[in-house]
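We number each residue from 1, following the sequence as shown. When a ligand or atom number is given, it counts from 1 through the structure's own listing order.
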Amino acid sequence: MPGAHVKTASTAGKRRTAGIGPARRIAEELRAQNERFAAAVENMSHGLCMFDADERMIICNHNYLDIFSLDAKVVKPGIPFFDILQHSVDIGIASQSASELYAIRKPYIDGAKASTYEEVLSDGRIIVISHQPIAVGGWVSIYEDVTEERRAEAELREQHRRFDAALANMSQGLLMYSAAGRLIVRNQRFLDLCNAKASDFTLGMTHRQMLDKLIRLGIFAPLEIDVEVGKTMASLDAGQSRSSYRELVDGRTLFVQRRPLAGGGWVATFEDVTERRRTEERMTHLAHHDTLTSLPNRSMFREKLDQALGEAKPLAILSLDLDRFKAVNDTFGHPAGDWLLKCVAKRLQHAVRSSKDVVARFGGDEFAIIQSGIKNAADAEQLAKRIVEIVGKPYRDKGREMHVGVSLGIALYPGDGHDADTLLTNADMALYRGKSEGRNVYRFFEPGMDALMRERRALEADLEAALSRREFELDFQPILDIGSGRIVGAEALMRWRSPSRGLVSPENFIAVAEETGLIVQLGDWALRKACNVAANWPPDMRMAVNVSAAQIKSGGFARSVIAALAFSGLPANRLELEITETVMMDESDAVLKTLSQLRGLGVRIALDDFGTGYSSLGYLRRFPVDKIKIDRSFTSDLDKRDTAAIVRTVIGLGAELGITVTAEGVETEAQLDMLRKAGCGEAQGYLIGVPAKAAEVNRLLRAQALLRQSG
Ligand code: C2E
Ligand code: MG
Ligand code: MG
């Protein structure tokens, strides 16, 4: 009902005039006009209040009363403006006193200008008041409660602030494109990442323009813009994200992700992943490389080998193992050993010619090489020779000189196998063979080597069991004093009487026993047995026992020698320990200490197989020995002038140093004659006597004693 809450002053009633005619019609019209006016006022969405020149209210609407929670019974047409203010104070809605409020309003009321001001109510609501003077006096005020609107605005502002803060503080660069494909958001981080200015990338630019600019500024490397845009658009159109790594011209890597937005358009983020990438690369490097030498490790080698085999071109696998590396470690310490391994790694890398070749370290002193692009076995052989030569050269560090050698096994693809496993195993097999035959060699894989390998494993197992089964024996070979023509000693030589293999030569089992470590027990047994036998011999008879490097290094060697002497009752000076160069080569103080300790007890030390190593003379300087045994290869070559000269020199040297010289392998009278003339002290060989059982040697010694008595 229009006017239900509208209070109007009944001006029409006051000015009621007589006469119907036009006056009534006018009155009618006025009434109708008033009603329309009242209805319009009532239906306004804002509060409205009209005052006359006397500051009395003419009309107000319900919204006005609602905004100020005014009582309709109090606020009625005719009420002075001040009373309304007082009423609002009375009901507690105003935040100031009526006179204060009035003082604020008064200038507006008196002014002739339209104006707008705000009033904050006691409950915090904000009311915007538009003040409009009326020409005939009085004014109209329109009231609007903008609390909700202001709150929403503030919230939006806050949201913007947060969004801006988030954008500015993102570690990622961000670009947002509108549905029309134009740049609408770009954060500072994006500019920082690109070392660019804000003016380089202005809002409104398209994806294509952005790419073009990035390339022209030298940030991105040139790329096919059409292709790139096409790819991005295709995935965005399909509602999918697209991510890619972008290598920057300055070497950095950005991770770029583009995600479609719900309302069209997309967001692209840019993340600097340079460090992460480097770390990842470092991690994969670590996983695939040997930390000491930085060479590829076994897993990387396998990967590369599989790759190379995929090309189906001939190649060679070289399996390498250093010789005498352990001695370097023991003598100079692990830091020196590490240093040497690094040198070896460098030399190996230098030795391979092609950059496609792979040098890897499998651990310890084991290396492996893939030699690709070979034409035939000769190419691999050439490389192997080169490596033996290069690795074998001395290593000098801090005034020290170290020596190692290298042995190689070679397997060829496709001849020796088609897959990585077979090729590696076969190369190892060839290496193994090479090692068992001597050091500093290379060997090609041959079919049948695997059979040899199996045979070797079986030998190891048999040998292990042989000691407890008492399958070992000692033979004794007499040693002749050339001057007096008398037997002055014998050498104990080990024999293995295997039920399945027959009589096995020490040449065929000593090395294996050394490698498996069995030699320590076996050597101990030989020592005791030999001492026991010698204890029953005449007092001028010496017993020579062969000793392996592994025995001396094992630790308890001196103790076991002393025990053998004590149990047998053999005087120490009747025991002679035959050592080879490999013992001296060890160079470790512990070994030399052990030997000199024994020598201090009177035990004699003989240097066996003299002349077969390459620096035999050098070892004489390192450790004083009591005897030199010239290897039988010299004796058999005595008829050659050079050899004879060498032998004479060694004999002369021995005389000079007070060292007994014994010639091994004397088989002929002519040889013995020459040795005698050269002044050689002792001889050993088939001519004097073959290795024989103790009983036989005893017989020989008895015969000699009888001969002497009768002679
Ligand atoms: P070795 O110490 O140089 O021993 C001499 C080797 O030459 C012996 O071989 C002996 O039978 C052989 N021989 C002696 N006279 C002649 C000759 O006139 N002509 C020829 N062609 N050969 C002769 P065997 O008994 O086969 O021993 C081989 C090697 O095995 C020994 O060489 C020694 O190094 C090692 N060995 C033997 N017994 C032991 C042992 O108990 N312990 C250790 N660690 N090694 C041993
Ligand atoms: Mg010997
Ligand atoms: Mg010898």
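Centroid-to-centroid, the aromatic rings of F509 and F472 come within less than 6.0 Å. Between F362 and F367, the distance separating the two ring centers is not shorter than 6.0 angstrom.
Around the Mg ion (ligand 3), the protein atoms of type N, O or S found under 2.8 Å away are D608 OD1, D609 OD1, E664 OE1, E664 OE2, listed by chain and number.
For Q671 (side chain) and E667 (main-chain N/O), a donor-acceptor pair under 3.5 Å exists by modelled atom type.
In summary, E682 and K629 do not engage in a salt bridge, as defined by a charged side-chain N under 4.0 Å from a carboxylate O. By the 4.0 Å N-to-carboxylate-O rule, D290 lies too far from R298 to be salt-bridged with it. Using a 4.0 Å cut-off between charged side-chain N and carboxylate O, R386 and E389 make no salt bridge.
A salt bridge (charged side-chain N to carboxylate O under 4.0 Å, His left out) check over residues 639-650, counting only residues at least two apart or in different chains, returns the pairs D637-K640. Pairs passing the side chain to side chain donor-acceptor pair (under 3.5 Å) check and including a residue from residues 533-545, sequence neighbours excluded, read R486-D540, W537-N698.
When each of L463, L467, N508, L522 is paired with W496, the side chain to side chain contact (heavy atoms under 4.5 Å, CB included) condition holds for L463 and for no other.
The atom name of the N/O/S atom in E491 closest to the Mg ion (ligand 2) is OE2.
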Stepwise side-chain hydrogen bond (donor to acceptor under 3.5 Å, both in side chains) check, D428 with T425:
CA-CA 5 Å; D428 278 345; T425 312; 6.0 Å; no

Every pair of nitrogen or oxygen atoms between ligand 1 and the protein that is under 3.5 angstrom apart - can you list them with their distances to 0.1 Å?
from, atom 1, to, atom 2, distance (Å)
ligand 1, 2 (O), E491, OE2, 2.9
ligand 1, 2 (O), N546, OD1, 2.9
ligand 1, 2 (O), D608, OD2, 2.8
ligand 1, 3 (O), D609, OD1, 3.1
ligand 1, 3 (O), E664, OE2, 3.0
ligand 1, 7 (O), R632, NH1, 2.7
ligand 1, 15 (N), Q477, NE2, 2.8
ligand 1, 18 (O), E667, OE2, 3.4
ligand 1, 18 (O), Y686, N, 2.9
ligand 1, 19 (N), E667, OE2, 2.5
ligand 1, 21 (N), E667, OE2, 3.3
ligand 1, 22 (N), Y686, OH, 3.4
ligand 1, 25 (O), R495, NH1, 2.9
ligand 1, 25 (O), R495, NH2, 3.0
ligand 1, 38 (N), M494, N, 3.0
ligand 1, 42 (N), N546, O, 3.3
ligand 1, 44 (N), S548, OG, 3.0

